[in-house]
Amino acid sequence: MPELPEVETIRRHLAPRVEGRVLRELEVMDARWCSPLAAHEVASAVEGRRVDALTRRGKYLIWELHDDVHLMMHLRMTGTLLLDPAEPPRHRRVRAAFDDGQQLYFDDPRRFGTGELALGSDALDEFFAGRLGVEPFSPEFTSAHLYALTRARRAPIKAFLLDQRRIAGVGNIYADEALFRAGIHPLRPAGRLTRSQVAALRDGVLASLEAGLDAKGASIDDFRDPDGVQGSFQDRFLIHLREGEQCLVCGRPVRKLRVAGRGTYVCERCQPRPRGTRAAAALRGGAQVAQAT
DNA sequence: CGCCCTGTTGGGGA
DNA sequence: ATCCCCAACAGGGC
């Protein structure tokens, strides 16, 4: 569930409750979470330090601790943070205790979530330099910048959007939504988009991410609640994430493809199929690029 | 009931 | 540069 908007929403809820507190204890129950570092290495690096700030880069949540110690958390697909839950969550991987008595659990059934450590801001910058590109909610994310990034890229535009090294934080469902809003087919080669299409895509990326921000939910405790954040932000989506549903704009049934190894939903009237490209040939042939499910 | 497929992610290897 | 597979688990379809 956690993509950039959800991570940002979690951060906004959590920051006022943890900033300035001292992280007394970090109990790592799953050694895989911080591998290859040992659990006790991570714990001893962060314990006793004050939380200077809780920030975010892409889909990473960053605990900026005293003396330039940084703990980068990634929730991957099923990770959740729960503050002072009524009872410890079933799939808890990490528990943090603060000096004011608050307990924060990292719950993650699938155990994909990760925790990494950066000692010093140089190490932090280096960590992200190789992984993350431009931050969508930043002044640098202009259509001119995006246009330059896409040039000479032959990969499908959806694969481009999902590549965190180009734009940080666009996940699968947000990529679909952005492309739908921009009227661009996910299989269009990135480098062949026109300037105006790129401009529409830039706006679509921002609009789709904003649609997921601050969706309902008074506390971070209800991120799993079907009536909470999840239902709420999906109501703000225009593209249906289910095959056969009617497009909200034109009524045509939504089609499901597989692009960049991910389920991909598209309205082929609002998002015209590419013509005269390898992608188009693959679509016609129904090869592995596009398969109905 | 069991088997198979899927999935809001990212990294490593081919 | 790109694609495929994998990590580990839950839930749904058959």
Side-chain angles (χ1 to χ4, degrees), chain A residues 1-10 29-36 56-61 72-81 89-93 106-116 127-128 130-133 149-180 186-187 189-191 205 208-209 211-213 215 223-226 228-237 239-244 256-265 278-279 282 287-293:
Chain A
M1 167 204 334
E3 297 215 30
L4 187 152
E6 291 76 44
V7 175
E8 177 61 18
T9 303
I10 289 173
M29 294 118 169
D30 180 6
R32 192 174 341 211
W33 178 74
C34 55
S35 168
R56 178 192 59 77
R57 261 291 264 139
K59 302 173 197 172
Y60 287 86
L61 194 63
M72 296 86 76
M73 293 181 45
H74 198 300
L75 276 41
R76 295 288 186 108
M77 292 177 75
T78 52
T80 317
L81 288 174
R90 177 152 168 231
H91 303 287
R92 56 187 180 278
R93 301 288 169 232
F106 177 60
D107 189 56
D108 185 13
R110 225 164 141 182
R111 294 203 277 164
F112 284 176
T114 56
E116 306 193 55
F127 179 84
F128 288 125
R131 279 166 234 258
L132 297 183
L149 287 178
T150 55
R151 290 311 92 180
R153 293 272 88 83
R154 269 181 266 196
I157 185 59
K158 172 150 181 187
F160 174 92
L161 288 174
L162 291 177
D163 187 342
Q164 303 297 299
R165 293 167 304 182
R166 306 222 160 85
I167 307 172
V170 180
N172 193 41
I173 62 176
Y174 290 90
D176 280 2
E177 179 70 7
L179 289 166
F180 177 75
L187 286 173
V205 167
S208 70
L209 292 176
L213 276 181
F223 262 70
R224 282 270 162 83
D225 185 345
V229 171
Q230 192 172 357
S232 173
F233 83 70
Q234 291 197 352
D235 289 345
R236 303 184 197 181
F237 266 42
I239 184 74
H240 285 290
L241 299 175
R242 192 178 295 179
E243 187 173 29
K256 182 176 184 182
L257 313 175
R258 184 162 289 270
V259 180
R262 304 282 188 246
T264 299
Y265 298 88
R278 287 208 314 255
Q288 58 274 54
V289 177
Q291 94 193 9
T293 307

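All values reported here derive from a predicted model rather than from experimental measurement. All chains are named by letter (A, B, ...) in the order of the sequence lines, taking the proteins before the strands, and each is independently numbered beginning at 1.
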So which protein N/O to nucleotides 10-13 of chain B N/O distances come out below 3.5 Å?
from, atom 1, to, atom 2, distance (Å)
dG10(B), OP1, His74(A), NE2, 3.1
dG10(B), OP2, Lys59(A), NZ, 3.0
dG10(B), O4', Arg76(A), NH1, 3.4
dG10(B), N7, Arg262(A), NH2, 2.9
dG10(B), O6, Arg262(A), NH2, 3.3
dG11(B), OP1, Arg131(A), NH1, 3.0

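- A search for side-chain contact (heavy atoms from CB on, under 4.5 Å) contacts involving His240(A) returns Glu245(A), Leu248(A), Val254(A), not counting sequence neighbours.
- Between Ile167(A) and Leu161(A), the closest side-chain pair of non-hydrogen atoms falls below 4.5 Å.
- Partners of Arg165(A) under the side chain to side chain donor-acceptor pair (under 3.5 Å) rule, at least two apart in sequence or in another chain, are Asp163(A).
- With sequence neighbours excluded, the residues forming a side-chain contact (heavy atoms from CB on, under 4.5 Å) with Arg153(A) are Phe160(A), Arg166(A), Ala190(A), listed by chain and number.
- With sequence neighbours excluded, no residue forms a side chain to side chain donor-acceptor pair (under 3.5 Å) with Arg32(A).
- At whole-Å resolution of the value, CZ in Arg151(A) and P in dA1(C) are 16 Å apart.
- Applying the side-chain contact (heavy atoms from CB on, under 4.5 Å) test to Glu116(A) and every residue at least two apart in sequence or in another chain returns Met72(A), Thr114(A), Phe127(A), Arg131(A).
- The distance between atom CG of Asp108(A) and atom P of dC9(C), rounded to the nearest whole Å, is 10 Å.
- When base pairs are accepted only as Watson-Crick or G-U wobble with both N-N or N-O distances under 3.5 Å, DNA chain B takes part in stems of 3 or more pairs at B:2-7 with C:9-14, B:9-14 with C:2-7.
- For Asp30(A) and dC9(C), the CG to C1' distance is 13 Å, given to the nearest whole Å.
- Asn172(A) pairs in a side-chain hydrogen bond (donor to acceptor under 3.5 Å, both in side chains) with only one of the listed residues (Glu177(A), Glu3(A), Lys158(A)), which is Lys158(A).
- Ring planes of Tyr60(A) and Phe128(A): perpendicular class, angle over 60° (limits at 30 and 60°).
- Partners of Arg56(A) according to the salt bridge (Lys or Arg N to Asp or Glu O under 4.0 Å) rule, which considers only residues two or more places apart in sequence or in another chain, are Glu8(A), Glu135(A).
- Computed from coordinates, the Met77(A) CE to dG11(C) C1' distance equals 13 Å when rounded to whole Å.
- Using a 4.0 Å heavy-atom distance criterion, Arg93(A) is classed as making no nucleic acid contact.
- Residue His91(A) contributes atom NE2, which lies 9 Å from atom P of dC9(C) at whole-angstrom precision.
- One finds a side-chain N or O of Lys256(A) lying less than 4.0 angstrom from the OP1 or OP2 phosphate oxygen of dG7(B).
- Listed for the Asp176(A) side chain is no donor-acceptor partner under 3.5 Å among the backbone atoms of Thr264(A).
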Nucleotide N/O of nucleotides 12-14 of chain C paired with protein N/O under 3.5 Å:
none

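- Taking the nucleotide of DNA chain C with the nearest heavy atom to each of Arg90(A) and Phe112(A), the more 5' of the two is matched to Phe112(A).
- As a whole-Å value, the separation of Asn172(A) CG from dG7(B) P is 8 Å.
- Atom-to-atom, CG of Leu161(A) to P of dT9(B) comes out at 13 Å; the value is rounded to the nearest Å.
- Listed by chain and number, the residues in a salt bridge (Lys or Arg N to Asp or Glu O under 4.0 Å) with Lys59(A) amount to none (sequence neighbours excluded).
- Contacts of Ala159(A) classified as side-chain contact (heavy atoms from CB on, under 4.5 Å), with partners at least two apart in sequence or in another chain: Ala155(A), Pro156(A), Ala260(A).
- Summarising the geometry, the separation between CZ on Arg57(A) and P on dT9(B) is reported as 17 Å, rounded to the nearest angstrom.
- In this structure, Arg242(A) does not reach the dG7(B) phosphate: none of its side-chain N or O atoms is under 4.0 Å from OP1 or OP2.
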